[in-house]
There are 2 protein chains.
Amino acid sequence: MKLEKVSEEILNSIKNQYMCIVIGECFVSYQGRASSKLPRGKRLIIFKADSSVSIHENRLVRPTNYMTNSKTSCTTQTVDKKEELKLLSKNKAKETLEIIFYSVDDINTYDLPMSNDLRLSGSEKELNDALMDDLSFLEPGLKPINQQQSFRKGVCDIIAEDRDGKLVVIELKRRQADYGAVTQLKRYVEQVEKIKGKQTRGILLAPDIRKNAMELLQSYGLEYFSYDFEVGERSKIKGIGKSQQKLGDY
Amino acid sequence: MKLEKVSEEILNSIKNQYMCIVIGECFVSYQGRASSKLPRGKRLIIFKADSSVSIHENRLVRPTNYMTNSKTSCTTQTVDKKEELKLLSKNKAKETLEIIFYSVDDINTYDLPMSNDLRLSGSEKELNDALMDDLSFLEPGLKPINQQQSFRKGVCDIIAEDRDGKLVVIELKRRQADYGAVTQLKRYVEQVEKIKGKQTRGILLAPDIRKNAMELLQSYGLEYFSYDFEVGERSKIKGIGKSQQKLGDY
DNA sequence: GCTGGGAGAGGCTTA
DNA sequence: TAAGCCTTTCCCAGC
């Protein structure tokens, strides 16, 4: 396949925000936050309407190389009497992605909509909403006090009040809680204490917690509850377990 | 394009570990760790040799839907007098990905090697080595005392001794340091203090640090130095800057 | 096989 | 724009 033609088709596709798919023998070099070289080999290259470029090998979901928000330029050159097509993509962060094609097996351009229409459920946001609906099954008498308020820092924090009128910060995680989750909760609790000027409890709610994270949590005097959830059309929290720490209280 | 033929080509491609690329009108539904639905629309679907399936829209580097380690089966059915091709992919984690094709614009199969071409990264080891070679440009009189200790990727823990004989834990980050970096360093310092039984300094070395992380670091009494590095054939540290905190000392 | 942890993380939302 | 944070994170290396 004539590389001159390939160059034209790629540039035309980018200009018209089509999706361009190329299969060809290439060498890839990246310079930016890191630096990498992909030796000569046959690969799949995708140019999308949002100006992203991805290089895929015949394995893994993620591309081996990629660049987003790029401006791509093409030049054909002759090296050792052989034609080469050089694609240079740059972005604002001064990163560069260079693809050199030695030969192209196939190139196709498709007019696909640049839509974003995945409907995902089971996200933390959704679980958060489910939890907000009824905090009482976490602890009797617990009431949310910041349904809309935004003196919270993260997206999914709940500030509530327990039956004794004490403030409670709840951090919800949809996966095993790690060190970061604990320090995050600690920060929020401190922040709320500072703003409200009263002692505040902190509850970490997660399906599971790493051992060292649990230790840190306890040393901070925070509380942990495990929970189960079900994903589906509408995700829901199935049950709350008591943490060891909590058990010890009784 | 006849969906019966499409079905055959996809299954054949999977069997032979080719790469199969399909452009078609489809609906996608996923159930697993989360749950999602992608309404009918024209998309790119990639079947790779490692049995991964990805669905791409005309934007973003990452696929909207995907599945790895899957077993895929095909059935064609007729709904409302219209032919449909149903692909069902399952993996061991009991996750399911269902793609229903209403029409297929194009399908191509390519015999690409399932190689894992090493991406040579501007090596972090080199940054570690460069730093280890001469700690004195961080601070006069600083000497490493665990030259042989193993490094983890992306993180370099060095234990050194300053000119006053005090222990210094140094953590090197490749990227902007965040809360995690600070709490990590804090942990190491505490660990070393506990083991060695003597007061220990902690230095965070990173290209940049987030404002809040800086505050936390200072509240912990830790130190921060910024540095520049160059990636390329041989990565090297270009220079060490002094942190605001450090400047205040002088 | 499970788990801990980095990554050129990507990508999204809000200040 | 930067900061903060979630993710079906993906992926590898260690046990």
Side-chain angles (χ1 to χ4, degrees), chain A residues 28-36 50 52 54-55 59-69 91-97 116 118 120-128 150-157 171-176 178-181 183-184 187-188 208 210-213 231 235, chain B residues 28-36 38 50 52-55 59-70 89 91-97 116 118-122 124 150-156 173-181 184 207-215 231:
Chain A
V28 181
S29 150
Y30 161 81
Q31 282 275 340
R33 279 165 285 184
S35 122
S36 71
D50 64 347
S52 64
S54 318
I55 294 108
R59 61 190 288 276
L60 303 184
V61 168
R62 291 184 39 110
T64 24
N65 280 95
Y66 57 87
M67 175 160 283
T68 53
N69 282 96
N91 66 10
K92 285 195 177 164
K94 288 183 183 171
E95 297 182 295
T96 60
L97 179 70
N116 172 19
L118 181 73
L120 179 77
S121 49
S123 65
E124 190 173 300
K125 176 89 179 62
E126 225 182 44
L127 293 174
N128 191 64
S150 85
F151 61 168
R152 52 187 184 166
K153 248 198 156 164
V155 186
C156 296
D157 301 326
E171 172 70 28
L172 178 70
K173 292 285 170 199
R174 77 184 297 284
R175 318 193 307 147
Q176 185 184 51
D178 58 13
Y179 226 88
T183 53
Q184 199 179 0
R187 280 203 312 275
Y188 296 157
D208 191 15
R210 286 189 193 170
K211 203 162 163 292
N212 59 358
V231 293
S235 305
Chain B
V28 182
S29 145
Y30 159 79
Q31 277 280 339
R33 280 164 287 182
S35 135
S36 72
L38 197 54
D50 63 347
S52 64
V53 185
S54 318
I55 294 105
R59 60 190 288 274
L60 303 185
V61 167
R62 301 251 224 166
T64 31
N65 279 96
Y66 59 87
M67 176 160 282
T68 52
N69 280 96
S70 64
S89 301
N91 67 10
K92 284 194 178 165
K94 287 182 184 172
E95 296 183 297
T96 59
L97 178 71
N116 177 17
L118 191 62
R119 342 179 255 262
L120 295 163
S121 248
E124 293 154 33
S150 67
F151 298 105
R152 279 170 300 136
K153 214 183 177 187
V155 187
C156 167
K173 286 284 179 199
R174 258 183 81 84
R175 323 192 308 137
Q176 185 184 51
D178 58 12
Y179 279 110
Q184 203 175 10
D208 191 15
I209 187 167
R210 287 184 191 173
K211 205 164 159 287
N212 290 342
M214 184 64 180
E215 282 165 21
V231 291

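All chains are named by letter (A, B, ...) in the order of the sequence lines, taking the proteins before the strands, and each is independently numbered beginning at 1.
- A close approach under 4.0 Å does occur between a side-chain nitrogen or oxygen of A:Arg210 and OP1 or OP2 of C:dG4.
- Under the side-chain contact (heavy atoms from CB on, under 4.5 Å) criterion, A:Asn91 pairs with A:Met67, A:Ala93, A:Glu95, not counting sequence neighbours.
- Contact between the side-chain N/O atoms of A:Lys125 and the OP1/OP2 oxygens of D:dC6 is not found at any separation under 4.0 Å.
- Of the residues near DNA chain D, B:Thr64 and B:Ala213, the one whose nearest nucleotide (by heavy atom distance) lies more toward the 5' end is B:Ala213.
- At a threshold of 4.0 angstrom between heavy atoms, the contacts of B:Asn65 include nucleobase atoms, whether or not backbone atoms are also involved.
- The side chain of A:Arg175 approaches D:dT9 more closely than any other nucleotide in the set C:dG1, D:dC5, D:dT9.
- Considering only side-chain atoms of A:Arg174, the nucleotide from C:dG5, C:dG8, D:dT9 that sits closest is D:dT9.
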Quick one: which protein N/O atoms are closer than 3.5 Å to N/O atoms of nucleotides 10-12 of chain C? Pair and distance per line, please.
residue: C:dG10; atom: OP1; partner: A:Tyr66; partner atom: OH; Å: 2.6
residue: C:dG10; atom: OP2; partner: A:Arg33; partner atom: NH1; Å: 3.2
residue: C:dG11; atom: OP1; partner: B:Val61; partner atom: N; Å: 2.9
residue: C:dG11; atom: OP1; partner: B:Arg62; partner atom: N; Å: 3.1

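- Residue-to-nucleotide proximity on DNA chain C shows that, of A:Asn91 and A:Lys211, the 5′-proximal contact is made by A:Lys211.
- A:Arg175 is linked by a salt bridge (charged side-chain N to carboxylate O under 4.0 Å, His left out) to nothing, counting only residues two or more places apart in sequence or in another chain.
- Residues B:Lys92 and A:Met67 both approach DNA chain C. Their nearest nucleotides, taken by heavy-atom distance, put B:Lys92 toward the 5′ side.
- Using a 4.0 Å heavy-atom cutoff across all strands shown, B:Gln176 reaches sugar-phosphate atoms only and no base atom.
- Applying the salt bridge (charged side-chain N to carboxylate O under 4.0 Å, His left out) criterion to B:Lys211, with sequence neighbours excluded, gives B:Glu215.
- By the salt bridge (charged side-chain N to carboxylate O under 4.0 Å, His left out) test, B:Lys92 is found to be paired with no residue, residues two or more places apart in sequence or in another chain being considered.
- The side-chain contact (heavy atoms from CB on, under 4.5 Å) test applied to B:Thr68 returns A:Val61, B:Ser52, not counting sequence neighbours.
- Between A:Gln184 and D:dG4, a side-chain N or O to OP1/OP2 separation shorter than 4.0 Å is absent.
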